[in-house]
Amino acid sequence: MTETVVGKLIETLAGGAPVFSAWVGMNEPAVAEALAREAFDAVILDMQHGALDFAGACQSILAVALAGLPAIVRTPVGEFATASRLIDAGAAGVIAPMINSRADAEAFAAFAKFPPLGERSWGPRAALPLSGLDTQAYLAGANRLTQAIAMIETREALAALDDILAVDGVDGVFIGPADLSIALSDGAKWDPRGAAVIEAAGHVVARARAHGKYAGMFCYDGADAHAMAALGFRLCSIGSDGAMLRAAARGELAAARGTPAGGPAGGPKTY
Ligand code: 3PY
Ligand code: MG
């Protein structure tokens, strides 16, 4: 199991070091593969706000695997059946946005996990070969091997945090700091690194630990991921494909023209 890309995610998590992941929104396997050739621990493919469709996500999972990394896919809101199909396609983990209650978490886990934790239907067409296991061993190991990660990004989710973490088929939680800041300010402010989110972040890390689980955070660049890992987050994404491409382009153009690189004024970057 340890030799395979799917198993690498739980190995890194078990090792205790933070998982630093690339974040891909482009529906182009070559982009995911290019980032996977760098020394990330995983690549997150975003089907919620990114442009990836199901076929693109399947191809990107394989392109990332070719480069030796596990892929995690964020599904659109409420698409738990898609989570199941993505695990069949070889995703080492799935992130479900807007999990706001125990019922949401149970519905997600039902699609992500085989019995007794859930009701995942058998059909690991790419996951089985990528796991390096035989069918029986895959059945026995899949619930641990493939991670189900619930996003915490509303007031309701914070209120139900212990209930969500108590669901056996949920392996970890992942903060969406932009949505959380909007929710906590009742729609007044996009402030993903404001005091309200940072206070909630400490609480989420502590409650995840108390349940023997891990917390992750969407991060805006490498320095931000470093800071969030220092707060105890174990799965930290770093920027995005689009943001990195634009930042590199901006820097190179500035170098060519001999002008300051510029960039977004103050605060964290967006996608
Ligand atoms: C958020 O910040 O709300 C996210 O979902 C990160 O993509
Ligand atoms: Mg969000």
Side-chain angles (χ1 to χ4, degrees), residues 18-27 31-32 35 40 42-52 57 60 71-80 82-83 86 91 93-101 104-105 108 147-158 160-161 164 170 172-205 208 214-225 227-229 231 233-246 264 267-271:
V19 172
F20 288 119
S21 176
W23 185 280
V24 171
M26 295 183 191
N27 196 26
V31 170
L35 285 170
F40 292 103
V43 174
I44 297 175
L45 307 166
D46 183 19
M47 293 177 72
Q48 183 194 11
H49 295 297
L52 280 115
S60 297
I72 302 169
V73 189
R74 178 165 76 168
T75 66
V77 176
E79 291 199 14
F80 303 138
T82 303
L86 291 162
V94 280
I95 298 177
M98 295 285 176
I99 298 296
N100 291 331
S101 63
D104 286 352
F108 173 39
Q147 298 284 291
I149 303 163
M151 284 195 77
I152 304 297
E153 44 187 353
T154 63
R155 282 182 191 271
E156 292 77 10
L158 281 181
L161 182 61
I164 292 167
V170 168
V173 290
F174 191 86
I175 292 184
D179 278 315
L180 190 57
S181 70
I182 293 168
L184 292 178
S185 67
D186 295 322
K189 209 168 173 198
W190 178 90
D191 191 14
R193 289 293 173 263
V197 168
I198 295 303
E199 190 187 327
H203 176 64
V204 171
V205 166
Y214 57 86
M217 171 70 95
F218 182 90
C219 302
Y220 291 87
D221 58 24
D224 187 38
M228 292 300 126
L231 290 184
F233 287 98
R234 305 272 314 284
L235 172 57
C236 301
S237 56
I238 302 177
S240 70
D241 49 358
M244 284 184 185
L245 199 57
R246 288 171 55 209
K269 301 154 187 162
T270 59
Y271 283 83

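Just so you know, ligand 1 is whichever comes first in the structure, and atom 1 is the first atom listed for that ligand.
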Any N or O of [X] closer than 3.5 Å to N or O of ligand 1:
| X | answer |
| --- | --- |
| W23 | no |
| L180 | no |
| Q48 | no |
| Y220 | no |

Which heavy-atom pair separates [X] from [Y] by the least distance, and what is that distance?
| X | Y | answer |
| --- | --- | --- |
| V94 | A83 | CG1-O, 3.7 Å |
| V197 | P177 | CG2-O, 3.8 Å |
| L45 | A32 | CD2-CB, 3.9 Å |
| I149 | F174 | CG2-CB, 3.7 Å |
| G25 | D241 | N-OD2, 2.9 Å |
| T75 | A96 | OG1-CA, 4.1 Å |

- Message: Check whether R155 reaches the backbone of L184 with its side chain - one donor and one acceptor, N or O, closer than 3.5 Å.
- Response: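 Looks like yes, one N/O pair under 3.5 Å.
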- Side-chain donor or acceptor of S21 paired with backbone N/O of S237 under 3.5 Å: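 Not confirmed, S21 side chain does not pair with S237 backbone.
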Find all atoms of ligand 1 within a distance of less than 4.0 Å from any non-hydrogen atom belonging to [X], and give their numbers and elements.
| X | result |
| --- | --- |
| R74 | 4 (C), 5 (O), 6 (C), 7 (O) |
| E153 | 1 (C), 3 (O), 4 (C), 5 (O) |
| G176 | 1 (C), 2 (O), 3 (O), 4 (C), 5 (O) |
| M151 | 4 (C), 5 (O) |
| D179 | 1 (C), 2 (O), 3 (O) |

- Give the name of the N/O/S atom in E153 that lies closest to the Mg ion (ligand 2).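 So the atom name we want here is OE1.
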- the Mg ion (ligand 2) - closest N/O/S atom in D179: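 Among the N, O or S atoms of D179, the one closest to the Mg ion (ligand 2) is OD2.
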- Report yes if the distance between the aromatic ring centroids of F80 and F108 is under 6.0 Å, otherwise no.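 Aromatic pair counts; centres sit under 6.0 Å.
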- Item | P97 near ligand 1 by a heavy-atom separation under 4.0 Å |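 P97 does not count as a contact of ligand 1 under the 4.0 Å cut-off.
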- Does at least one non-hydrogen atom of H49 fall below 4.0 angstrom from an atom of ligand 1?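 H49: no contact with ligand 1 (<4.0 Å).
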